[in-house]
Engineer: 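Below is one structure. I have some questions about it.
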Protein chains: 4
Amino acid sequence: MANRHGARNTEELIYRAAVGLMAARGYHGTTLRDVARAVSLQMSSIYYYFPSKQELLLAVMRRTTRDLRAAVEPPISAAGSVRERLGAGIRAHVLFHADRRLETLVTDSEIRALEGEGREEITALRDAYGDLFREVLETGLQEGVFSFEDSHVATNALMTMCAGVAVWYRPDGHTSLSRIADQLTHLYLDGVTASPPRQA
Amino acid sequence: MANRHGARNTEELIYRAAVGLMAARGYHGTTLRDVARAVSLQMSSIYYYFPSKQELLLAVMRRTTRDLRAAVEPPISAAGSVRERLGAGIRAHVLFHADRRLETLVTDSEIRALEGEGREEITALRDAYGDLFREVLETGLQEGVFSFEDSHVATNALMTMCAGVAVWYRPDGHTSLSRIADQLTHLYLDGVTASPPRQA
Amino acid sequence: MANRHGARNTEELIYRAAVGLMAARGYHGTTLRDVARAVSLQMSSIYYYFPSKQELLLAVMRRTTRDLRAAVEPPISAAGSVRERLGAGIRAHVLFHADRRLETLVTDSEIRALEGEGREEITALRDAYGDLFREVLETGLQEGVFSFEDSHVATNALMTMCAGVAVWYRPDGHTSLSRIADQLTHLYLDGVTASPPRQA
Amino acid sequence: MANRHGARNTEELIYRAAVGLMAARGYHGTTLRDVARAVSLQMSSIYYYFPSKQELLLAVMRRTTRDLRAAVEPPISAAGSVRERLGAGIRAHVLFHADRRLETLVTDSEIRALEGEGREEITALRDAYGDLFREVLETGLQEGVFSFEDSHVATNALMTMCAGVAVWYRPDGHTSLSRIADQLTHLYLDGVTASPPRQA
DNA sequence: GATGAATGAGGTTTCATTCAT
DNA sequence: TATGAATGAAACCTCATTCAT
């Protein structure tokens, strides 16, 4: 174990350097030279671990997308009511986006940089992930717990609002992660309108 | 008038081609060769209108950011109550993002591609724009109309949720633009929770 | 008459701007854009006066080379003894190089930038000019007034030493032009060795 | 050993090709394509050895300027009288300029092509080198061995006259290098005037 | 496991030049 | 006289990639 995140080998170091750079500059704005320099390696050495720049991006996308699903699905399943399931989902989704900020940033914004089959593969994974939330929302709609016009609009709004966390969240900020997750959950469930009127 | 949007000159055509390509592939993923080809010009001719690729991007960002503010500020000012002002702001913001989808896509996602002073300039404009909404939200909080913990979280959530429209909105979709704006306004104001419980 | 040197027209202004820039940066280091900017004209306007960049350079070379000969030949012819003829030649040569510093700088150092016939033309003029001095030197050698091994070495040394004036002379310097000419004449005729020993 | 000058590696070959081309056409008149073609390499390969065209020029300037000093300083120091020291200096200076003709040609004529710090660096080295001769000349003046009005004029005349060798010297010429050095030394020390009058 | 050397395609940009107006 | 708009070649440089070692 080389550091607190448990990097064990060079491949992992390259992966992380790539993630950091691509999050900051985008896929096309990141050169393998940058990545190599960041890990004190020669550019050609990267090819020992990843067959191409594309595959490096794909590796990031695959791992992140799968980990995201693995982090969000269980809490949704474990929760009881639709409302609780949605809340659990949002919370896990937000926490993941904040915790693995750089990876989700890359994953959310560089799908367009994927070529050929890679793009299809990741797009499919993304769509399947979105279904997790759409299903909860639609169930809630049928149960009369939720109210909205178009489930696609509602799902997309949810996903982009929460994914935005990776854009603006700063680990050194004054608001704790858990509180942010709570706020977003509340916001999506009940809006910004003050609750008093409800109890009237 | 050269086309339905009213392009009159070459500079405008280059601008639009650049916007289209950068929206699809990002700044670094777009080459001036692509842009030139799209307007049936030599690459060198682009330099007659824009001194560099950076300046071309900057031109897009400047125009879009200013137009956005010009589109959103008046409705907010014109509206009465905080609730109405927020609704008017969201609606104008969403409509602009859907109407000028490609430009806002570029403007929202390529700030990182800006260099030096250009970045500072646009960042300042963006921040000032965000204040428009933060002010409304904070006023509503003081008046007891709105309820949220952190105005930055609330503002960021609002901005990213609405800006997301440019990402997923398709002009050929089945849901009308106005309806989408309504839905997002409602969503942000009251959440997905069905209203009946409120009146209980 | 537009200024103290008598520039009357745009062609002359272009000529001078080109001379100044080429003296500073060389032919290949000077762009027509630079020249145009210096005379507040559009690049394309230069072509009304000169058919090409090459011809502009050629114009400088032709005029300068001819003026140089016209300035140096008469004094040599007018003088009496070989020693006096050589002195008069050096003096005129040096004064011309200092007086028309920028033009001679370009003319002396950019022959290599000339293409095709232009190069031959100017080279021939240059060689003919050099003969002026070689002839004087050889005459002096035959008369026993001068002493040197190889007339080419002697001529070349003379020409480069004097042409060097254009390189290091600054009009604002503390040493007057006439004094510089005197010193170089003396140097070439009698060397740096102090004369007293001679009279011993 | 790849050729008679002892080139051992690619970097050296590039260096020499650049020197040859820049000597013939100047820095701005030489393209890296030319250099690459001369060494049968791809243009991009040049960048493996030199980070930019500027750095390539700078490498030439640095090496040549330092070698020049290393070649000229010892003979001056080793010699006895001022006259002998000046003679030794001129001889070494001339021999170096003839021996490394192309490099000195580039170094003497392309300082203007240097940008930023590089220019300052080389200019400083050049000035320090010139001081070597000025000091000898001034010492000779104080000792009454030499006679001239202005040491700067005398130094400049010396430097340009000798540096001229690199311009007109051709290795295949009929006059031996050593004889040329002798002639220039004699010329500078005693001028072209025949010596008999001295003994009169 | 890693590197040094080389590649070839392609990037942005600049250049001299043209020509209708 | 002078310009605005466009060109096409070529400039410098960077990129992802390969491969023998």
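No experiment lies behind these values; they were computed from the predicted model shown. Side chains are part of it too, since the values below use all heavy atoms of this structure and drop only hydrogens, waters and symmetry mates. Letters go in sequence order (proteins before strands), and every chain restarts at 1.
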Engineer: Looking at every heavy atom in both Leu13(B) and Val39(B), which two are closest together, and how far apart are they?
Structural biologist: O-CG1, 3.5 Å

Engineer: Is a side-chain donor-acceptor pair under 3.5 Å present for Glu103(B) with Tyr15(B)?
Structural biologist: yes

Engineer: Take atom CG of Asn9(A) and atom C1' of dA2(E), then tell me their distance rounded to the nearest Å.
Structural biologist: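 Going from Asn9(A) (CG) to dA2(E) (C1'), I get 15 Å.
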
Engineer: Rounding to a whole Å, what distance do you find between Leu57(B):CG and dT13(E):C1'?
Structural biologist: 17 Å

Engineer: Considering heavy-atom distances to DNA chain E, does Ser45(A) or Ser45(D) have its closest nucleotide positioned more toward the 5' end?
Structural biologist: Ser45(A)

Engineer: How close do Leu102(C) and Gly20(C) get, counting heavy atoms only, and between which atoms?
Structural biologist: CD1-CA, 4.1 Å

Engineer: Name all residues meeting the side-chain contact (heavy atoms from CB on, under 4.5 Å) criterion together with Ala38(A); count only those two or more places apart in sequence or in a different chain, and write none if there are none.
Structural biologist: Ala17(A), Leu21(A)

Engineer: CD1 of Ile46(A) versus C1' of dG4(E): gap in Å, rounded?
Structural biologist: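 Those two atoms, CD1 and C1', are 15 Å apart.
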
Engineer: Contact between Glu55(B) and Leu58(B) at the side-chain level, heavy atoms closer than 4.5 Å - yes or no?
Structural biologist: yes

Engineer: Taking protein heavy atoms under 4.0 Å as touching, what does nucleotides 15-21 of chain E look like 5' to 3' if B marks base contact, S marks sugar-phosphate-only contact and - marks none?
Structural biologist: BSBBB--

Engineer: Would you indicate, yes or no, if dA5(F) has its OP1 or OP2 atom less than 4.0 angstrom from a side-chain nitrogen or oxygen of Tyr48(B)?
Structural biologist: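 Checking Tyr48(B) against dA5(F): at least one side-chain N or O falls below 4.0 Å of OP1 or OP2.
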
Engineer: Measure the distance from CG on Leu21(D) to P on dA11(F) and round it to the nearest whole Å.
Structural biologist: 12 Å

Engineer: Using purine N1 to pyrimidine N3 plus N6-O4 or O6-N4 for Watson-Crick, or N1-O2 and O6-N3 for G-U wobble, each under 3.5 Å, what pairs with dA20(E)?
Structural biologist: dT3(F)

Engineer: Applying the side chain to side chain donor-acceptor pair (under 3.5 Å) test to Arg25(B), which of Asp34(B), Thr31(B), Thr30(B) qualifies?
Structural biologist: Asp34(B)

Engineer: Take atom CZ of Arg37(C) and atom P of dT14(E), then tell me their distance rounded to the nearest Å.
Structural biologist: 11 Å

Engineer: Would you mind reading off the distance between Phe50(D) atom CZ and dA5(E) atom P, rounded to a whole angstrom?
Structural biologist: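 My rounded result for the distance is 13 Å.
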
Engineer: Over all strands shown, is Gln42(C) touching base, sugar-phosphate only, or nothing at heavy-atom distances under 4.0 angstrom?
Structural biologist: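 Contact class for Gln42(C): sugar-phosphate only.
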
Engineer: In whole Å, what is the span from the CG atom of Leu41(B) to the C1' atom of dT7(F)?
Structural biologist: 9 Å

Engineer: Glu55(D) has an atom CD; how far is it from atom C1' of dC13(F), in whole Å?
Structural biologist: 14 Å

Engineer: Kindly give the heavy-atom pair with the smallest separation between His28(C) and Lys53(C), and that separation in Å.
Structural biologist: CA-NZ, 4.2 Å

